[in-house]
There are 2 protein chains.
Amino acid sequence: MPGRLQNELKKRKPFVHIEQEVVLNLFRTGDRLGIRLERLLREHGLTGAQYNVLRILRGEGQPLPMQEIASRTIQVVPGMTGLVDRLEKAGLVCRARSESDRRVIYVRITAAGLTLIAQLDEPLPAMERKLLGGLTRDEKAELIRLLEKVRDHLEQLDE
Amino acid sequence: MPGRLQNELKKRKPFVHIEQEVVLNLFRTGDRLGIRLERLLREHGLTGAQYNVLRILRGEGQPLPMQEIASRTIQVVPGMTGLVDRLEKAGLVCRARSESDRRVIYVRITAAGLTLIAQLDEPLPAMERKLLGGLTRDEKAELIRLLEKVRDHLEQLDE
DNA sequence: GGAAAATACTTTACACATCAACTATTGTCA
DNA sequence: TGACAATAGTTGATGTGTAAAGTATTTTCC
């Protein structure tokens, strides 16, 4: 049983390390899913990163500092600056400097931002269900468990 | 059992859809792994995308058209142009136009390119083993199976 | 009280990734 | 044959992600 990715990539030799196969499968599958989800978001004028920021702000229900937003996404702080710049220019969020600590900048979602992401509350989960339709519910749960276990171990490596 | 990602993202409400949890876990885990692998590659002056191209060319053993390389990576053709530009400028690959079909451009890995990626043949798999040390061999195999199943279903959606 | 460290954010530079539009070449077929 | 479609690759615009350096503000602590 040589594995499917191997054939897909037209590699000649079998994978020497199963770990490499895991990593490549992880990247490739994430990419394939991401492309389709980004496409849906783009129809509403948003990128994936922008949608994530708006969703986090809506979920929190109150303004959040730049760094707090960055820590909840895949992102590093420097990238957040430009991201919020674009969202602010589009009128979806606004900045406000903190009174107590003038280094901190709070980001707040605007009414226009709330309206925009509300339009995705139906189609986005529907798309996710469709994309993951190949797995049973048990398989989805098992996939989540395995991925969390990988990240748990990665965090241990940091300590 | 509320799930770990949920806590990690400091979300208030439980995930409504398990599919969303799968997608977020997939992105986040791939990102965490990618950051560490990219860091190792960068020590050798390469990015992940560049390393992939070199590895594909070495594995094939002969020059490949741009499009063929792109089809074996996560990449779209337009991005491949700039990527090969940079590799060529670094002296790691070279271009050659096909004789039979003058639209096609073949990319060949140079001796310098082979030397460079040979330096990663040891440390890269070692790093991958270390990063995935949290999973048993059976769990790695199961993770691969589930990810391949997701992609199989995605391909069916295209037909 | 004041120098030094820490923190929050921005700026800059570079490398991807995506899409749309463009050029050059080849294939189709009426 | 000759218009037209298809294909291979490039270019340009926009957005994202990383690292390194810079600025402003606050905290620490002697």
Side-chain angles (χ1 to χ4, degrees), chain A residues 27-28 30-54 63-90 92-93 95-107, chain B residues 27-28 30-54 63-90 92-93 95-107:
Chain A
F27 289 163
R28 201 167 183 86
D31 181 66
R32 290 287 181 267
L33 281 172
I35 285 177
R36 286 171 169 81
L37 291 172
E38 291 270 354
R39 210 169 285 164
L40 172 61
L41 293 176
R42 189 151 310 178
E43 292 174 9
H44 296 260
L46 286 176
T47 65
Q50 291 170 354
Y51 175 75
N52 271 332
V53 171
L54 294 179
L64 286 175
M66 300 283 290
Q67 198 173 25
E68 182 61 29
I69 302 173
S71 75
R72 300 191 195 186
T73 68
I74 281 177
Q75 218 134 8
V76 164
V77 175
M80 192 55 68
T81 297
L83 218 172
V84 171
D85 281 349
R86 276 168 234 118
L87 287 172
E88 192 171 29
K89 191 184 296 181
L92 302 175
V93 304
R95 281 179 166 97
R97 194 171 284 273
S98 165
E99 299 295 333
S100 58
D101 186 341
R102 294 181 43 73
R103 292 171 302 183
V104 178
I105 301 224
Y106 280 95
V107 182
Chain B
F27 288 162
R28 201 166 184 86
D31 181 65
R32 289 288 182 270
L33 282 173
I35 285 176
R36 285 171 171 80
L37 292 172
E38 291 269 354
R39 210 169 285 164
L40 172 61
L41 293 177
R42 188 150 309 179
E43 293 174 10
H44 295 260
L46 286 177
T47 65
Q50 291 171 355
Y51 175 75
N52 271 332
V53 171
L54 294 179
L64 286 176
M66 299 283 291
Q67 199 175 24
E68 182 61 29
I69 301 172
S71 74
R72 299 191 196 187
T73 68
I74 280 178
Q75 218 135 8
V76 163
V77 175
M80 193 53 70
T81 297
L83 219 171
V84 171
D85 281 349
R86 284 181 284 275
L87 286 172
E88 192 171 27
K89 191 184 296 181
L92 303 175
V93 305
R95 281 179 166 97
R97 194 170 283 272
S98 165
E99 299 296 334
S100 58
D101 185 340
R102 295 181 41 73
R103 293 170 299 184
V104 178
I105 300 222
Y106 280 96
V107 182

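Chain naming here is simple, since letters A, B, ... match the order of the sequence lines and numbering starts at 1 in each. What you are looking at is a predicted structure, and each value in this text was computed from that prediction instead of being measured.
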Any idea which heavy atoms bring [X] and [Y] closest together, and the distance?
X: B/I69; Y: B/M80; result: CG2-CE, 3.8 Å
X: A/Y106; Y: A/S98; result: CE1-CB, 3.5 Å
X: A/G48; Y: A/L41; result: CA-CD1, 3.5 Å

Decide, yes or no, whether a salt bridge links A/R39 with A/E43 under the criterion of side-chain N to carboxylate O below 4.0 Å. no
What distance separates [X] [atom1] from [Y] [atom2], expressed to the nearest 0.5 Å?
X: B/D31; Y: B/I35; atom1: CG; atom2: CD1; value: 4.0 Å
X: B/T73; Y: B/E68; atom1: OG1; atom2: CD; value: 10.5 Å
X: B/R86; Y: B/T47; atom1: CZ; atom2: OG1; value: 7.5 Å
X: B/N52; Y: B/L46; atom1: CG; atom2: CG; value: 10.5 Å
X: B/R103; Y: B/Q67; atom1: CZ; atom2: CD; value: 10.0 Å
X: A/L37; Y: B/F27; atom1: CG; atom2: CZ; value: 5.5 Å

Whole angstroms only, please: what is the [atom1]-[atom2] distance between [X] and [N]?
X: B/L41; N: D/dT18; atom1: CG; atom2: P; value: 14 Å
X: B/R32; N: D/dG17; atom1: CZ; atom2: P; value: 12 Å
X: A/E99; N: D/dT26; atom1: CD; atom2: C1'; value: 16 Å
X: A/R86; N: D/dT16; atom1: CZ; atom2: C1'; value: 7 Å
X: B/L83; N: D/dT10; atom1: CG; atom2: P; value: 12 Å

For a quick check, with a 4.0 angstrom heavy-atom cut-off, what is the B/S/- contact string for nucleotides 4-9 of chain D, read 5' to 3'? --BBSS
Just jot down the salt bridge (charged side-chain N to carboxylate O under 4.0 Å, His left out) partners of B/R102, sequence neighbours excluded, or say none. none
Please identify each residue that fulfils side-chain contact (heavy atoms from CB on, under 4.5 Å) with B/I105, with sequence neighbours left out. B/M66, B/R95, B/R97
Derivation of the side-chain contact (heavy atoms from CB on, under 4.5 Å) call for B/V53 and B/V107: CA-CA 10 Å; B/V53 171; B/V107 182; 5.5 Å; no
Of all of residues 47-54 of chain B, which get a heavy atom below 4.0 angstrom from DNA chain C, listed by number? B/T47, B/A49, B/Q50
Give me the first and last nucleotide of DNA chain C, going 5' to 3', that has any atom under 4.0 Å from a heavy atom of chain A. C/dA6 to C/dC19
Is there any protein nitrogen or oxygen under 3.5 Å from a nitrogen or oxygen in nucleotides 19-23 of chain D, and what are the pairs?
none

